[in-house]
Amino acid sequence: MKYKRKIVIVTLLFIVNTVVLSGCWNYKEINEYAIVSGLAIDKSSEDGSYYITFEVIDFAGSSKNIEFVSDIIQAKGKSIFDAARNAIKTSSKRLYWSHANIMIVSQEVAKDGVVQILDFLNRDHEPRGRMHILISREKTAKELLTYQSITTDIKAFSIDEAIMSENNLSKSLDVIAIDFINMLSEDGISAVLPTIGVVVSNEKRIIELSGAAMFSRDKLIGLLDEEDTKYLLFLKDRIEGGVITLKADKESINDDIVFEILNNKTKITPVFTNGKLSINISVVTKVNIDEVGVNRNILDETSREILKMNAENLLKNNLERLVNRVKKDYRVDIFGFGNIVKKNSPQMWKSIGANWSDLFSDLDINVNVEIELKGSGLLEKPLKIGD
Amino acid sequence: MMFKHKNKSKKDEEREYRYCSNKSLSKSLDENILLIKGIFNEDDTIIYRYFENQHNNDVKCCIVFVNGMVNAEIINENIIKPVAVNTTLKNSSNVLEIICKRVILSNIVKNSAEIDELIDTLMNGNTVFLIEGVSEFLSINSQGLQNRAIEEPQTEKVLRGPREGFTESLMINLSLVRKKLKTADLKFRFRVIGDRSNTKVCICYIDGVANKKILHELNDRLNKIDIDGILDSGYIEEIIKDAPFSPFKTIGSTERPDVIAGKLLEGRIAILIDGSPTALTAPFIFIENFQANDDYYINFYFSSIGRILRIFGFIINISTPALYIAIVTFHQEMIPTPLLLNISASREGIPFPTTVEALAMLLIFEILRETGLRMPTYIGQALSIVGALVIGQAAVDARFISAPMVIIVAFTGITSLLIPKLSGAGILLRLLLVLLASIVGVYGYLIGIAGLLAYLFEIRSFGVPYLYKLMVLNPMEDLKDTIIRVPWWYLKFRPKLIALNRLRNNSGR
């Protein structure tokens, strides 16, 4: 009897303790939250306090035909969390962060360091690690949440969609909070973030997702344009689509030959010769011919070879140019070469890891590009233009 | 066991007082008739018919029967006529035996001197034949009760398979079972339960297949029943079942002889009760809730899909409202953003908390269901209009109830009708899980499910674990007839814990 009672007590303790210790106590009706879809972080130049702009989803229309509209709430605070709590003053509902998937940071904030923001994102239980982080190309981050969207009214959602469909373009990156934090904390790799700007098209201010921002430790040090970003993606082996445009003839202006990238595999291997480190980069790209702007056969044996060689040279030159520029001008290893060295030979990394950025700035690279022409689409010959 | 044991001798005394069974028949016909009249005092349905032999008026007879329960033609033609016109009858001491053997034309004639037997004879619609000078009587079969025709049971319709169903007559029901299993090993053991209803109960099993221990246990439990009347097999089911307070069935019930035959072949034991078209089977395990009889008659792919749907339906039935409440009020981050927005928009302006909303809608659904069951069928249309339009459409339009909740409750309602055998348990479990989920979210739901599993593992039916065949030790063998139904040529074995003889083919008989 006594034994049985003991079992009952222990079982009850288990159940009661797990109820108390698990965090599931927060009964809250879903319509008591203001759902945040995205936020933009700016900094006041006077006192250094944060300005946060939240995009909150609101409902309009009748009960039968509900429309989602975006509301902008602005708050100021000494820290991110302070500003977030201050937002309640204007929103009347508590902000709910779990569905926010866009965070835009102004260059000004990024230049001063993003550790404080990231710490809050990681520490608080509501923001998700899946949140996309972007750097504003414009003066402030705020104006990117007030542009005019083409597809949906919720700006953050259309930015999110743009990031998702970016794979076919390869002119920007897709970096989520967890990736960014990993990049910052790992050895031998510097962080990059995608950048976002505004363009005016058809009298509407719309967003344009292109380019990348480079970080030295947690501070922004420079921007890359969209072409460079594409080659950066080649080096990070994250190409899943996009195009390579090749001039058909040196002198021509319009007669381009355009390749569609089907598949790419980049392999980076560190090589040690006589105690000196160099990096071998081998790129194998499968492409389809997508557009031919010249009126001559390019698919016979010799033309194909020439075409292939030209494309390989183009890619090789551009990759080399990017690496050289980054290592000279910025001295940050955004390609993660150091990380690969560390993984391949941890012993070696112990001795060279401490002064990697010096080592990186005069690193030798050998780029080896191989392009495989897979097909030419539905046409065998270029379109024949009669007289 | 839940029922109490009365003192046996006291019960006997009462019986003796009521039926004067301490008295015995005498040689005098008049005295015997007086005795019977005494027993059936103030009962005007008893007919006493005196007659004599035409050639020898010393042979004075009397037949006693209950009017309305007998077949008059049998009494006239096969009892009165042969005795009255017989030319050789003499009043001697063995006249009853002679009449029994040579005169009366009936298939069942019994000779007895017991008063109890006499009462039984009358109450079952048979005829008592008494003769002057003999202290015994003949019990002659003359039953003429009206029976319902054999029809397809309303509650267990099938797409394919036999359409016979049990009726209220025990003997017809037994004949239906016998028709399916023409073997001498099929045993029918009668017993009488109920002090006043004296209901005939038949225990039915296949000798050599049914487990003797289970049979013994069943007989033990039936022996302990002490109740005045059994009006339906539900009485017996409730009294003898394991886990008496459980909402889960631990004794099966069916109205179909083919189902009974199937269960008997698996080594189960059937209990049929006079006056009830519902027969019981024991042991009954959890997976049987999901097995339909035409699973075995139609294509095995189709029946396997059906079973999976039924099991899935049960899980949906008990879980959907609880999970909805848990996710919407505790774990909003688990909902995909577009869905969250839709739910949030539809909850805008709803006055009740989600839990209250769910409980109210579930209550309304149960009321509708119960109304559908109780009301006369010709007002069914009114109910569907009220149900669909007022509670569905109008309540959402008026912003009393959010639209997702109507969908959730409708889903729950449909699935609760999918497995009628578990609908009682479903209501209870659903309510319990909703309450748990509204206190601690998904965590509470999981506690509920874990508790349910522990409970199901704990209970047994006649010594067989309730989750038998689902707690898999040998997946290739044990799961053959559970979640899926494999083709017949793979079903070579009977359930190990239920049947005595496992092999199902020729050599195992």
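Nothing here was measured: the structure is a model prediction, and the numbers come from that model. Order of the sequence lines fixes the chain letters, A, B, ..., with proteins taken first and strands second; residue numbering starts at 1 for each chain.
Atom NZ of B:K249 has more than 12 neighbouring heavy atoms from other residues, nucleotides or ligands inside a 6.0 Å radius. Around atom CZ of B:F312, no more than 12 heavy atoms belonging to other residues, nucleotides or ligands sit under 6.0 Å away. Counting non-hydrogen atoms of other residues, nucleotides and ligands closer than 6.0 Å to NZ of A:K28 gives a total above 12. Open room surrounds CZ on B:F411; 12 or fewer heavy atoms of other groups in view lie less than 6.0 Å from it. Around the CD1 atom of B:I414, the shell of radius 6.0 Å holds no more than 12 heavy atoms that belong to other residues, nucleotides or ligands.
Residue B:L341 comes nearest to A:F59 through the heavy atom pair O-CE2, 3.6 Å, listed as atom of the first residue, atom of the second, then distance. Between A:F68 and B:N342, the shortest heavy-atom contact is CZ-OD1, 3.4 Å.
Residues passing the ring pair (Phe, Tyr, Trp, His ring centres under 6.0 Å) test with B:F462: none are found, sequence neighbours excluded. Residues satisfying the salt bridge (charged side-chain N to carboxylate O under 4.0 Å, His left out) criterion with B:E366, sequence neighbours excluded, are B:R369, B:R430.
Contacts with chain B (heavy atom to heavy atom, under 4.5 Å) involve these residues of residues 29-42 of chain A, listed by number: A:E29, A:I30, A:N31, A:Y33, A:I35.
No part of B:P338 comes within reach of chain A, as not one of its non-hydrogen atoms sits under 4.5 angstrom from that chain.
Taken to the nearest 0.5 Å, the OG1 atom of B:T337 stands 7.5 Å off from the CD1 atom of A:I57. To the nearest 0.5 Å, atoms CH2 (A:W97) and CD (B:E333) are separated by 15.0 Å.
Among residues at least two apart or in separate chains, salt bridge (charged side-chain N to carboxylate O under 4.0 Å, His left out) pairs with a member in residues 81-95 of chain A are A:K93-B:E348, A:R94-A:E126.
Between the side chain of A:H99 and the backbone N or O of B:L340 there is no donor-acceptor pair closer than 3.5 Å. Between the side chain of B:Q332 and the backbone N or O of A:S98 there is no donor-acceptor pair closer than 3.5 Å.
Put simply, of B:T354, B:I343, B:I335, the one with the most heavy-atom pairs under 4.5 Å next to chain A is B:T354.
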